[in-house]
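Step one of this worksheet: look at the structure below.
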Amino acid sequence: MPAFYAQAFAAGYQHCPGCNELAPLGGIEPEILPAPFYRRLGIALECPSCGKTTSGIFSLCVTYPPAYQFVLEHERCVIDPEEFIEYEGQPAILASISDVLSSARITLILQCQTLELLASFKR
């Protein structure tokens, strides 16, 4: 996991990318984006100076080796909307990447509070 997110989840805050002030972690929340993205999940920081900033969970997902490898192997991929789910009795986030030229797909299961990769499944 990139150090930026690791620090935010471990300490509960991170330096704002805009002004460098300490910004408390607001958590994981839905974002409403323009087409073709529509509804995504984002990591929110609550900066006292800049306001709320969010970073899409997908940018974190592709740093995990299984997803990174999938994207390297498949030329045309789409990102499916993330979903809150339950996995092995705990809250989790399901994130998927599909290849539009084949039926290949990778699904990542992330721990809801830390975004740690719990499992990945390919088909």
In terms of heavy-atom contacts, T107 and S96 come closest through OG1-OG, 3.3 Å

What pair of heavy atoms forms the shortest contact from C61 to A67, and how long is it?
-> O-CB, 3.3 Å

Establish whether Y13 and I28 are linked, either directly or via other cluster members, by ILVMFWY side-chain heavy-atom contacts under 4.5 Å.
-> no

Say you draw a straight line from OG of S98 to CZ of R123; how long is it, rounded to the nearest 0.5 Å?
-> 6.5 Å

Side-chain contact test, heavy atoms from C-beta onward, threshold under 4.5 Å: evaluate it for L110 versus L117 and give yes or no.
-> yes

Hydrophobic cluster (4.5 angstrom, side-chain heavy atoms) - remaining members for L94 = I85, Y87, I109, L118, F121

For the atom pair OG (S120) and OH (Y64), what is the distance rounded to the nearest 0.5 Å?
-> 11.5 Å

Look up atom NE2 in H74 and atom CG in L101, then write down how far apart they are to the nearest 0.5 Å.
-> 9.0 Å

Would you say the side chain of L25 lies within less than 4.5 Å of the side chain of E46, judging by non-hydrogen atoms?
-> no

Here the gap from I97 atom CD1 to Y68 atom OH, rounded to the nearest 0.5 Å, amounts to 12.5 Å

Distance from L45 atom CG to E21 atom CD, nearest 0.5 Å?
-> 12.5 Å

Report the residues that fulfil side-chain contact (heavy atoms from CB on, under 4.5 Å) with A10, sequence neighbours left out, ordered by chain and then residue number.
-> none

Flag for Q90-E86: side-chain donor and acceptor within less than 3.5 Å = no

When you measure from the side chain of E82 to the backbone N and O of L41, does any donor-acceptor pair fall under 3.5 Å?
-> yes

Beyond-backbone contact of T53 with C47, side-chain heavy atoms, under 4.5 angstrom | no

Work out which heavy atom in F70 is nearest to a heavy atom in D99; give both atom names and the distance.
-> CZ-N, 4.1 Å

Rounded to the nearest 0.5 angstrom, the SG-CG distance for C16 and L22 is 10.0 Å

